[in-house]
Participant: 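Got a structure here, written out as structure tokens. Questions coming.
Note that the numbering runs from 1 along the sequence shown for the chain. First listed ligand is number 1; within each ligand, the first listed atom is number 1. Basis for what follows: all heavy atoms, side chains included, without hydrogens, waters or symmetry-related copies.
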Amino acid sequence: MRRAVTVLMVSGSLRAGSTNTALLNTARAVAPRGVDAVLYAGLDHLPHFNPDADQDPLDPGVAQLRAALSQADALLFSTPEYAGALPGSFKNLLDWTVGGGETYGKPAAWLNASGVQSPTGAADAHASLRKVLGYTGVTIVEQACLRIPVARREIGPDGLIASPAIREQLVHALGLIAAQVEEARCTE
Ligand SMILES: Cc1cc2nc3c(=O)[nH]c(=O)nc-3n(C[C@H](O)[C@H](O)[C@H](O)COP(=O)(O)O)c2cc1C
């Protein structure tokens, strides 16, 4: 039996009704067979990154983040842009990933839930995300990096997005990420 592919998903938004989080929750709901899509839920509890604190004993939130990254085969991000940049809390998480080494060599992709005109389409945040991920050693799965605009009205009371077109794109992205993991496994 094939081993499941675990994709750790991280939303860059802490907002309760976040379109980015809804996109990832929907990805979890529609994940193809053999893909275990897990949403990271600890963003709000990470301490501010401080290189002096990046040693044992680690803060429990940081230890939990690194354990989740270790267990993941691949990563999927979805983030808004705030004032022309990544949200501070999300950049803080990324800073904690740099020193740990758990992300090294893992396939990663990102989704962009912003529309092209809202107001900059989160272009700077995603350019920055690409740059920061360059320091974490991930392998970017370019074809799985998709803009999937989500309007707030599209999120149902269950927190999920019902749109078949959006769901199809999520399945596609997860499928590409999983294929990359499987390919790497074949060469192990
Ligand atoms: C303080 C603040 C600053 C923002 N700055 C930008 C920006 O620079 N560029 C952009 O495209 N959107 C910007 N936005 C819009 C958010 O990215 C947009 O509302 C997004 O949908 C929020 O994501 P969420 O639904 O996952 O919380 C900003 C929103 C807030 C609250």
Participant: Spell out, as yes or no, whether a donor-acceptor pair under 3.5 Å connects the side chain of T26 to the backbone of L160.
Facilitator: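 Here the side-chain-to-backbone pair does not exist.
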Participant: With the threshold set at 4.0 Å, does a side-chain nitrogen-carboxylate oxygen contact exist between E142 and R130?
Facilitator: yes
Participant: Quick test: of every protein heavy atom, which one is nearest to atom 10 (C) of ligand 1, and how far off is it to 0.1 Å?
Facilitator: P119 CD, 3.1 Å
Participant: Which pair of heavy atoms, one from Y135 and one from V98, lies closest together, and at what distance?
Facilitator: O-CG1, 3.9 Å
Participant: For ligand 1, which is the ligand I care about here, please tell me if G84 has any N or O atom under 3.5 Å from one of the ligand's N or O atoms.
Facilitator: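 Looking only at distances, the answer is yes, because the N/O contact criterion of under 3.5 Å is met.
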Participant: Show, in sequence, the C-alpha distance, side-chain angles and deciding distance for K131 and D124, and conclude whether the salt bridge (charged side-chain N to carboxylate O under 4.0 Å, His left out) test is met.
Facilitator: CA-CA 11 Å; K131 188 172 185 176; D124 289 329; over 6 Å; no
Participant: Yes or no, since that's all I need: does a protein heavy atom fall within a distance strictly under 4.0 Å of atom 4 (C) of ligand 1?
Facilitator: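 Yes, there is one.
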Participant: For atom 14 (N) of ligand 1, what's the nearest protein heavy-atom neighbour? Residue, atom name and distance, please.
Facilitator: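 Ranked first by proximity to atom 14 (N) of ligand 1 is E81 O, 3.2 Å.
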Participant: Closest non-hydrogen protein atom to atom 30 (C) of ligand 1, residue and atom name please, with distance?
Facilitator: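 Result: Y82 CD2, 3.8 Å.
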Participant: From L86 CG over to K91 NZ, what is the distance, rounded to the nearest 0.5 angstrom?
Facilitator: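 That separation rounds to 7.5 Å.
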Participant: Checking salt bridge (charged side-chain N to carboxylate O under 4.0 Å, His left out) for the pair R185/D73: CA distance, chi angles, key distance, verdict?
Facilitator: CA-CA 10 Å; R185 281 179 182 169; D73 297 304; 3.2 Å; yes
Participant: With rounding to the nearest 0.5 angstrom, report the OG to NE2 distance, S89 to H48.
Facilitator: 9.5 Å
Participant: Apply the test side chain to side chain contact (heavy atoms under 4.5 Å, CB included) to residues F90 and L129: give CA-CA distance (whole Å), side-chain angles for both, the deciding distance (0.1 Å), then the verdict.
Facilitator: CA-CA 10 Å; F90 180 48; L129 180 58; 3.9 Å; yes
Participant: Test of understanding: given a 4.0 Å heavy-atom threshold, classify the contact between A83 and ligand 1 as side chain, backbone, both, or neither.
Facilitator: backbone
Participant: Would a search of protein heavy atoms around atom 1 (C) of ligand 1 find one under 4.0 Å away?
Facilitator: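 It does not: no protein heavy atom is found less than 4.0 Å away from atom 1 (C) of ligand 1.
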Participant: Please could you name the atoms of ligand 1 that T120 approaches to less than 4.0 Å, counting only its heavy atoms?
Facilitator: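 In order of number, 9 (N), 10 (C), 11 (O).
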Participant: Please confirm whether A122 comes under 4.0 Å of ligand 1, counting heavy atoms of the residue only.
Facilitator: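 Contact check A122 vs ligand 1: positive.
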Participant: For the 3.5 Å polar cut-off, considering only N or O atoms, please tell me whether N20 and ligand 1 meet it.
Facilitator: yes
Participant: Show which atoms of ligand 1 fall inside a sub-4.0 Å distance from at least one heavy-atom site of G121.
Facilitator: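 Every atom of ligand 1 under 4.0 Å from some heavy atom of G121: 11 (O).
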Participant: Tell me the nearest of V116, T21, T19 to atom 21 (O) of ligand 1, using heavy-atom distances.
Facilitator: T19
Participant: Please list the nearest protein heavy atom to atom 19 (O) of ligand 1 with its residue and the distance rounded to 0.1 Å.
Facilitator: R152 NH2, 3.5 Å
Participant: Describe, in one word, how the ring planes of W110 and H126 are oriented to each other, choosing from parallel (under 30°), tilted (30 to 60°) and perpendicular (over 60°).
Facilitator: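 W110 vs H126 ring planes: tilted.
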Participant: For atom 20 (C) of ligand 1, what's the nearest protein heavy-atom neighbour? Residue, atom name and distance, please.
Facilitator: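 Answer for atom 20 (C) of ligand 1: P80 CB, 3.9 Å.
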Participant: Would you check if there is a donor-acceptor pair between the side chains of T97 and E102 at a distance under 3.5 Å?
Facilitator: no
Participant: Consider every N or O of R15 and every N or O of ligand 1, then say whether any pair is closer than 3.5 Å.
Facilitator: yes
Participant: How close does the nearest protein non-hydrogen atom get to atom 11 (O) of ligand 1, and which residue and atom is it?
Facilitator: S118 O, 2.8 Å
